[in-house]
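In what follows, a single structure is set out as structure tokens and then discussed.
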Amino acid sequence: MWWLLVVIFFFIDNNDSLAIQERPCLTPNQTKGYCVLSQNCPHIEQKLQIGAVTPPDKQFITLSICGYDANKKILFCCDINEVKIPEAERSAPAPNVKKNVVQTETKNTEKPLLKDLSQPQYCQTPNGERAHCVSIYNCPIFLNRILNMNVSSLNENEIRFLKESKCGDKDNNYIVCCGNDLTFKSSEVQENFVYNELIPKSECGLEAPLYEEEPMPASIQSRNGPINLNFTLPNRIFGGEEAALGEFPWLALLAYEDVGKKRRTFRCGGSLISSKYVITAAHCIFGRQAEIIVSIRLGEQDFKRQGKNCITTNKGQTCMDAPVDVEIDSLHPHPEYRKEVKEKYNDVGLIRLRNNVPFTKYIRPICLPNIIEYPTPGHRLVISGWGLKNFDEQTSIKQKVEVPVVSTSQCSIMFEKSRDLNKLGNGQFCAGGEAGKDACVGDSGAPLMRRSTKNLYVIDSNPRWFLEGLVSFGRGCGVKDQYGVYTKVLKYIPWIHRTIVL
């Protein structure tokens with residue numbers, strides 16, 4: 001029995017074997033693909049191993065490049081029908097697994113059931129039920145459900161529920177939040193609403209041209225040695241570094257003024273979602289005592305630099321347009337947000353600008369999230385803002401970092417240990433927990449983003465950025481196993497569409 005469970009949960013954790021890269025792309029043949037290493041794309045690998053690479057093949061290889069992985073290895077856009085999943089990531093065929101286990105297992109080889117954890121931790125199930133984290137073997141309702149399901153035909157909701165239920169691992173065993181209800185009550189089921197045409201569809205989330213000081217030369221190893229492609233790519237590895245010039249052109253800075261002192265400071269972030277609205281955290285709208293939000297800055301890279309932001313590349317100097325400060329017309333925190341509630345439920349708000357903002361290369365809106373695609377535990381999303389760069393170093397330059405989404409059950413353990421916090425709301429989710437990578441002071445309201453080619457309203461293959469979360473609060477900055485809590489933007493889509501007016 002234990003072997004079967006290992007296979008099933010390996011499948012659950014790896015059901016999307018491309019989630020590590022999570023970068024959809026368009027191949028040179030204009031088909032949909034994913035960014036993968038050459039060995040995971042037979043079509044590219046074959047071209048690299050044929051000996052002398054012909055000019056057409058060299059051109060195809062060059063056009064297929066879509067970035068670098070964390071080890072600085074080049075990634076190629078591979079057709080989704082050609083991507084080769086490494087053997088280590090393949091799950092055993094589900095229909096035969098149970099049969100094989102029954103035939104080969106004996107009483108002497110079966111793994112004994114684990115005892116409950118010595119100090120079971122409280123947790124919150126994906127349905128909001130308060131329960132305990134225990135071994136999967138000591139959760140009968142979970143165990144029976146797993147053993148009776150067909151792993152190859154799990155639907156999206158079942159996979160998500162299982163992922164969200166994971167508390168962690170102990171001695172190579174799956175620990176789950178064991179409740180009484182395994183029917184996933186998805187918080188993504190939305191009320192009906194009329195799409196607000198003031199929110200852009202086709203212009204949103206498009207990437208601006210990026211400029212960085214030290215582009216990495218693209219050289220690929222073939223059977224006959226390295227191939228110089230005479231092509232450069234910007235180093236766009238996520239992980240706590242400066243954003244490229246022009247990257248994330250929807251980012252906004254909220255400017256506050258101390259009442260009576262006339263001194264302005266930037267303290268929160270936000271995202272442009274239309275020509276007249278910025279979305280941020282509700283607690284940023286209320287601000288601190290004796291201060292008010294007076295303006296929004298758009299198109300900024302380094303707010304300490306006067307005038308235009310420029311960078312020197314191998315092609316000379318490139319400059320952004322000067323940033324724009326826009327006065328505020330009105331503030332709209334979510335009506336159910338309560339600033340005295342520590343858990344910051346419904347921490348979302350809209351800021352209406354006094355004037356329409358024209359879209360440019362360096363100022364444009366981000367897309368609101370898709371109901372057809374939302375992040376699950378393990379997916380890596382991107383934060384960008386102007387918060388603390390290190391534990392004691394404030395930065396004036398736009399930063400970016402990549403963090404993993406964390407399951408509800410795993411994150412709820414942090415809440416339980418805090419004692420002064422209640423449970424996660426259905427409009428919240430967690431991400432982070434990696435040492436040195438996190439949102440921090442000054443990042444409140446900043447966007448947590450996903451890059452994708454899937455779009456509910458526009459049929460094209462352009463990669464776009466979607467706003468999945470807003471930085472709400474956390475425990476410390478970049479502390480291992482201390483997660484950041486984010487407002488789940490998808491939950492508030494109907495309210496956003498109803499609130500935005502001319």
- Please assess Y483 against Q410 for the test side chain to side chain contact (heavy atoms under 4.5 Å, CB included), listing each intermediate value before the final yes or no. CA-CA 9 Å; Y483 311 111; Q410 191 169 350; 3.0 Å; yes

Have [X] and [Y] got a donor and an acceptor in their side chains that come within less than 3.5 Å?
X	Y	answer
H497	T499	no
E468	Y486	no
E45	N40	no
T27	D79	no
T487	D347	no

[X] [atom1] to [Y] [atom2] distance, which is reported to the nearest 0.5 Å:
X	Y	atom1	atom2	value
N196	S274	CG	OG	8.0 Å
Q399	E247	CD	CD	11.0 Å
D57	I44	CG	CD1	9.0 Å
S384	W465	OG	CH2	9.0 Å
L253	I296	CG	CD1	8.5 Å
E402	L448	CD	CG	10.5 Å

- Message: Show, in sequence, the C-alpha distance, side-chain angles and deciding distance for L206 and R364, and conclude whether the side chain to side chain contact (heavy atoms under 4.5 Å, CB included) test is met.
- Response: CA-CA 8 Å; L206 294 173; R364 60 182 63 174; 3.6 Å; yes

[X] vs [Y] side-chain heavy atoms within contact, under 4.5 Å:
X	Y	result
Y337	K339	yes
I279	L467	yes
H283	K344	yes
I351	Y277	no
L368	I273	yes
S407	K163	no
H334	W495	yes
S38	L48	yes

- Please check if atom CD in E197 has more than 12 non-hydrogen atoms from other residues, nucleotides or ligands closer than 6.0 Å. yes

Minimum heavy-atom distance [X]-[Y], with the two atoms named:
X	Y	result
V406	G432	CG2-O, 3.6 Å
N356	K276	OD1-CD, 3.4 Å
G425	Y345	N-CE2, 3.4 Å
M449	I383	CE-C, 4.4 Å
I293	Y256	CG1-CE2, 3.4 Å
K201	C204	O-SG, 3.3 Å

Measure from the side-chain N and O atoms of [X] to the backbone N and O of [Y], and report whether any donor-acceptor pair falls under 3.5 Å.
X	Y	answer
N309	M320	no
W386	F266	no
D302	K304	yes
S409	Q124	yes
R464	S202	yes
Q428	S472	no
R352	V501	yes

- Query: Should the SG-SG distance of C78 and C35 be recorded as below 2.5 Å?
  - Reply: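 Answer is no, sulfur atoms not closer than 2.5 Å.
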
- Item | C284/C268 sulfur atoms closer than 2.5 Å |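 Cysteines C284 and C268 qualify as a disulfide pair, their SG atoms being under 2.5 Å apart.
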
Cation over ring, [X] on [Y], under 6.0 Å and within 45°?
X	Y	value
R450	F466	no
K342	F473	no
K398	F248	no

- Does the pair E242 and K400 meet the rule for a salt bridge (Lys or Arg N to Asp or Glu O under 4.0 Å), with working shown? CA-CA 6 Å; E242 292 181 8; K400 62 181 180 181; over 6 Å; no

- Task: Starting from the C-alpha separation in whole Å, work towards a yes-or-no answer on side chain to side chain contact (heavy atoms under 4.5 Å, CB included) for L424 and V485.
- Result: CA-CA 9 Å; L424 283 170; V485 179; 4.1 Å; yes

- Give the intermediate values and the outcome of side chain to side chain contact (heavy atoms under 4.5 Å, CB included) for residues T280 and I285. CA-CA 8 Å; T280 186; I285 288 179; 4.0 Å; yes

- So, are E291 and R267 salt-bridged, with charged N and O less than 4.0 Å apart? yes

- Message: Check this for me: does any side-chain nitrogen of one of K423 and E343 sit under 4.0 Å from a carboxylate oxygen of the other?
- Response: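 Judged by the 4.0 Å cut-off on N to carboxylate O distance, K423 and E343 do not form a salt bridge.
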
